[in-house]
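Have a look at the structure below before the remarks.
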There are 2 protein chains.
Amino acid sequence: MVERQKDENLSAILKAASDPTRRAILTLLAQHGPMKVTHIARQYDQSLNAISKHIKVLETAGLVSRRTEWREHLIEVQMEPLSAIDLWFTQLRSIWALRFDTLEAALTEETDNDN
Amino acid sequence: MVERQKDENLSAILKAASDPTRRAILTLLAQHGPMKVTHIARQYDQSLNAISKHIKVLETAGLVSRRTEWREHLIEVQMEPLSAIDLWFTQLRSIWALRFDTLEAALTEETDNDN
DNA sequence: CTATCAGTCAACCATATGGATGAATGAATG
DNA sequence: CATTCATTCATCCATATGGTTGACTGATAG
């Protein structure tokens, strides 16, 4: 099913976002707009290669896109996939809320009790 | 500063949430309410120890709390810390939106002033 | 007294991750 | 032709992660 796929995507997105450097890159891109890899790398005191790898992780997760203009790669943040996190959170919260409704109903009915 | 602390928290939360098994545990707890470790473990075909470790990760991230009643540990989901993710996302999005405003402003100004 | 039970702790293992360094690529420029 | 430039690829390294199995703990049931 698509479910499994979605779950893997979500894992990738969350994992990609769980690194401080990568979050910083996303923020940077959000404020600066599309940037070259070198330009991004210059902002941090990590090697260009390290940044290049981080970008690839973000790209695999769909959090950034790459427009390659010969040797210059323009990296751009992609907000949309991040909403998968939002969706998951909302779902979880509604499951949680639902439980309270049921609990409340059970309490008012005062019928069952099995621990 | 507190900023650094918050950032580390966020990293921990996102990383904790990035594992499918751990997300499943959160969902389970959200619908069932507080559960014993053994009870949780019985739902998955991983060893009790593996689940115990997952729970500890969730606990460190603040995503679940533990009420120890002698040898029985009651694990309960904590929704509140998850909103840190929401907050981050919202901030990122607003930074992003801001850039568009500025860009738009710059463009209108440019058309006013130039040529 | 011994077995049982709920959990953690302690090793151990394979693989993933984040980082560094040193190629290699291939157009453009001198 | 040699250099420069922007990036990735290939290694290599240390540490983190997810999992397993096997003690250990300490009250209670038999």
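A, B, ... follow the sequence lines: proteins, then strands. Residue 1 opens every chain.
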Is there side-chain contact between [X] and [Y], with heavy atoms separated by less than 4.5 Å?
X	Y	answer
A:Lys36	A:Ile75	no
A:Leu26	A:Arg22	no
B:Met35	B:Leu29	yes

Measure from [atom1] on [X] to [atom2] on [N] and round the result to the nearest Å.
X	N	atom1	atom2	result
A:Ile75	D:dA6	CD1	P	14 Å
A:His73	C:dT25	NE2	P	15 Å
B:Trp70	D:dA29	CH2	P	15 Å
B:Asp45	D:dT21	CG	P	12 Å
B:Ile40	C:dA6	CD1	P	13 Å
A:His54	C:dG19	NE2	P	4 Å
B:Glu59	C:dC9	CD	C1'	15 Å
A:Leu48	C:dA23	CG	P	16 Å

inquiry  = Categorize A:Ala50 for me: base, sugar-phosphate, or nothing, with a 4.0 angstrom heavy-atom threshold over every strand shown.
reply    =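 Counting heavy atoms under 4.0 Å across all strands, the contact made by A:Ala50 is with sugar-phosphate only.
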
message = Applying a 4.0 Å non-hydrogen cut-off, can you work out what A:Arg42 is touching in the nucleic acid: base, sugar-phosphate, or nothing?
response =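 Result for A:Arg42 = nothing.
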
ask   = Closest nucleotide of DNA chain D for A:Val37 versus for B:Val57: which of these residues is on the 5' side?
value =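 Nearest-nucleotide comparison on DNA chain D picks A:Val37.
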
Among [options], the one nearest [X] by side-chain distance:
X	options	answer
A:Lys56	D:dG22, C:dT17, D:dC9	D:dC9
B:Ser47	C:dG18, C:dG22, D:dT20	D:dT20
B:Asn49	C:dT21, C:dA6, C:dC9	C:dC9
B:Lys53	D:dG19, C:dG18, C:dC9	D:dG19

inquiry  = Does D:dA16 have its OP1 or OP2 closer than 4.0 Å to a side-chain nitrogen or oxygen of B:Lys15?
reply    =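 For D:dA16, OP1/OP2 do not have a side-chain N/O of B:Lys15 under 4.0 Å.
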
query = Taking OP1 and OP2 of D:dG18, is either one under 4.0 Å from a side-chain nitrogen or oxygen of B:Arg22?
reply =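 Indeed, a polar side-chain atom of B:Arg22 lies that close.
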
message = Which nucleotide, if any, forms a Watson-Crick or G-U wobble pair with C:dG30, using both distances under 3.5 Å?
response =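 Paired with C:dG30, as far as the under-3.5 Å criterion goes, is D:dC1.
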
request  = Hey, could you give me the CD1/CG distance between B:Ile85 and B:Leu14, rounded to the nearest 0.5 Å?
outcome  =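 Taking CD1 in B:Ile85 and CG in B:Leu14, the distance rounds to 4.5 Å.
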
request  = Provide the closest heavy-atom pair for B:Pro20 versus A:Ser11 in the form atom of the first, atom of the second, distance.
outcome  =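 That closest heavy-atom pairing would be CG-OG, 3.6 Å.
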
